[in-house]
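The next block holds one structure in the form of structure tokens; read it before the comments.
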Amino acid sequence: MLSTIDSKGCPVHFNNAGYSQLNNHLKENNYSKIFLIVDQNTHQYCLPDFLSRIQTESEIETIEIDAGEEYKSIDTCMGVWEALSECGADRKSLVLNLGGGVVTDLGGFVASTFMRGISFINVPTSLLSMVDASVGGKTGVDLGVLKNQVGVINLPSMVLIDTSFLATLPASQMRSGLTEMLKHGLIYSEPHWNALKNMSKLDISDLNSLIHESITVKNEVVTSDPTEKGLRKILNYGHTLGHAIESYCLQNEQKQTLLHGEAIAIGIILETYLSSKLEGFPTEKLDEVKNTMLDYFESVSFDSNDILEVISLLKFDKKNSHGDINFVLLKDIGEAKVDCKAPNSLIMEAFNYYMS
Ligand SMILES: NC(=O)c1ccc[n+]([C@@H]2O[C@H](COP(=O)([O-])OP(=O)(O)OC[C@H]3O[C@@H](n4cnc5c(N)ncnc54)[C@H](O)[C@@H]3O)[C@@H](O)[C@H]2O)c1
Ligand SMILES: [Zn+2]
């Protein structure tokens, strides 16, 4: 059985034992109404199973939002706030978010602001939302193309991870979440990296304990640094170049659109190359990182113009300070260093290494 993880007072429960905890919680709190937020996919694939496992006397109302990042907006919040209001939600109501990171981020924000804040519980159903969005208390929505520009930090009353939901998650979304797990190993735990790198295929039964381990890593990092001053920055490993690549591919019609995790996987290879040149990251492990990533993700090609465009997008990175671009680099697996600088010539070299 996977033990409960405590995240600053918010328990993260797992699988069967998690449903008992959830049912106890619902009984003890006797909510006036439960509002279940889903998107079309989690409505279809997760809701029937979820409803069959919860026991409550409280009335349950389902609110469906459109699936996809483009609906993580204030417009969608308006619809949900209005639905809550029309259906008689009050301060003793509960919002229960059943979905990927879009549903849990948006539903958490809606609950945190409705009537100045009502209780909410997250049940993440995608691998990314389980391993990345389940701890830390970040909620919010996008402002046009600017991601997560509006939001609040507020912890749910509880998180329930039911890994059986992953059975219906598309393989590409599964890989996208896996990237964040691999990142957790690289920045913080060599044993976690080794376990993940040796997993030849994504078998859900192996994944159970790996998901638990990955959430434990993220939780240790965020709880030891709530204000995001130092340690928490290491979670941005692979994300400086990864985000720039993600934005570039999104803006450029000739380029295939990459899922977040697909872009970050490339960013991880590139930033591990920078680590080997600037921080003495061992070269044999550099090849191991590249080969592991390329086992899961097909290589994408970039010409010199693409690379220059990606480099020019680095100036928008939110970790920048005083006009400098700040990278997280690794001295070794599990040993991250923040606020590192890298010359553009080395970034070009990193792309050549990635494509070689
Ligand atoms: N709060 C945080 O700390 C945090 C951390 C990381 C990411 N995020 C946010 O999370 C979002 C990305 O999360 P995501 O990848 O889960 O996106 P998502 O919610 O869009 O889910 C991806 C796709 O999978 C579908 N899906 C989800 N669960 C499913 C299931 N069990 N079966 C079938 N289909 C399913 C969804 O409907 C959607 O189409 C981004 O908005 C990002 O900003 C938040
Ligand atoms: Zn990420």
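Taking the centre and axis of the six-membered ring of Tyr19, the NZ or CZ atom of Arg53 falls inside the cone set by 45° and 6.0 Å. Both the sub-6.0 Å distance and the 45° axial angle are satisfied by Lys255 relative to the ring of Phe302. Cation-pi geometry between Lys290 and Tyr354 is not met: the NZ or CZ atom fails to fall both under 6.0 Å from the ring centre and inside 45° of the normal.
Hydrophobic clustering of Ile, Leu, Val, Met, Phe, Trp and Tyr side chains at less than 4.5 Å, counting indirect connections, keeps Val123 apart from Met174. Grouping the Ile, Leu, Val, Met, Phe, Trp and Tyr side chains by contacts below 4.5 angstrom, directly or via other members, places Leu127 apart from Leu160. Under the 4.5 Å side-chain contact rule for hydrophobic residues, Leu166 and Phe14 share a cluster. No continuous path of ILVMFWY side-chain contacts below 4.5 Å connects Phe109 to Leu94, so the two sit in separate hydrophobic clusters. Side-chain heavy atoms closer than 4.5 Å link hydrophobic residues (I, L, V, M, F, W, Y) into clusters, and following such links, even through other members, never connects Ile65 to Tyr71.
Screening Val222, Ile187, Val221 for a side-chain contact (heavy atoms from CB on, under 4.5 Å) involving Leu231 leaves a single residue, Val221. The only option from Ser214, Ser134, Ser224, Ser7 that meets the side chain to side chain donor-acceptor pair (under 3.5 Å) definition with Asn219 turns out to be Ser7.
Of the inter-residue distances, the one linking Glu70 atom CD with Asp75 atom CG reads 12.5 Å to the nearest 0.5 angstrom. Atoms NZ and CD, on Lys331 and Glu279 in that order, are 4.5 Å from each other to the nearest 0.5 Å.
In this structure, the side chain of Asn15 engages the main chain of Thr163 through a donor-acceptor pair within 3.5 Å. In this structure, the side chain of Glu59 does not engage the main chain of Ile34 through any donor-acceptor pair within 3.5 Å. The main-chain N or O of Gly144 is never found under 3.5 Å from a side-chain atom of Asp142 such that the two would form a donor-acceptor pair.
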- Query: Please walk me through it: do Lys33 and Cys87 pass side-chain contact (heavy atoms from CB on, under 4.5 Å)?
  - Reply: CA-CA 9 Å; Lys33 252 188 182 184; Cys87 299; 4.3 Å; yes
- Item | Chi angles and distances behind the salt bridge (charged side-chain N to carboxylate O under 4.0 Å, His left out) call for Lys218, Asp132 | CA-CA 7 Å; Lys218 171 136 190 192; Asp132 203 3; 2.8 Å; yes
- Step by step, work out the side-chain contact (heavy atoms from CB on, under 4.5 Å) result for Thr139 and Asp105. CA-CA 4 Å; Thr139 76; Asp105 274 14; 5.6 Å; no
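In this structure, Met78 places its CE atom where only 12 or fewer heavy-atom neighbours from other residues, nucleotides or ligands lie under 6.0 Å away. The environment of Lys285 atom NZ is dense: over 12 non-hydrogen atoms of other residues, nucleotides or ligands sit within 6.0 angstrom. Within a 6.0 Å sphere centred on CD of Glu284, heavy atoms belonging to other residues, nucleotides or ligands number more than 12. The environment of NZ in Lys27 is sparse: at most 12 heavy-atom neighbours from other residues, nucleotides or ligands sit within 6.0 Å.
When all heavy atoms are compared, the tightest approach of Ile325 to Phe327 is CG2-CE1, 3.7 Å. Contact record, Pro124 with Ile161: CG-CD1, 3.8 Å, taken as the closest heavy-atom pair.
Two residues are said to be in side-chain contact when any heavy atoms from C-beta on lie closer than 4.5 Å; Phe120 and Asn154 meet this criterion. At a threshold of 4.5 Å between non-hydrogen side-chain atoms, the residues Lys341 and Asp324 count as touching.
Screening residues 252-277 for ring-ring contact (aromatic ring centres under 6.0 Å, His included), with sequence neighbours left out, gives His239-His260, His243-His260, Tyr273-Tyr353.
Counted by atom type alone, Ser164 and Asp162 present one or more donor-acceptor pairs between their side chains at under 3.5 Å.
Under 4.0 Å is where a charged nitrogen must lie from a carboxylate oxygen, and between Lys183 and Glu180 at least one such pair does.
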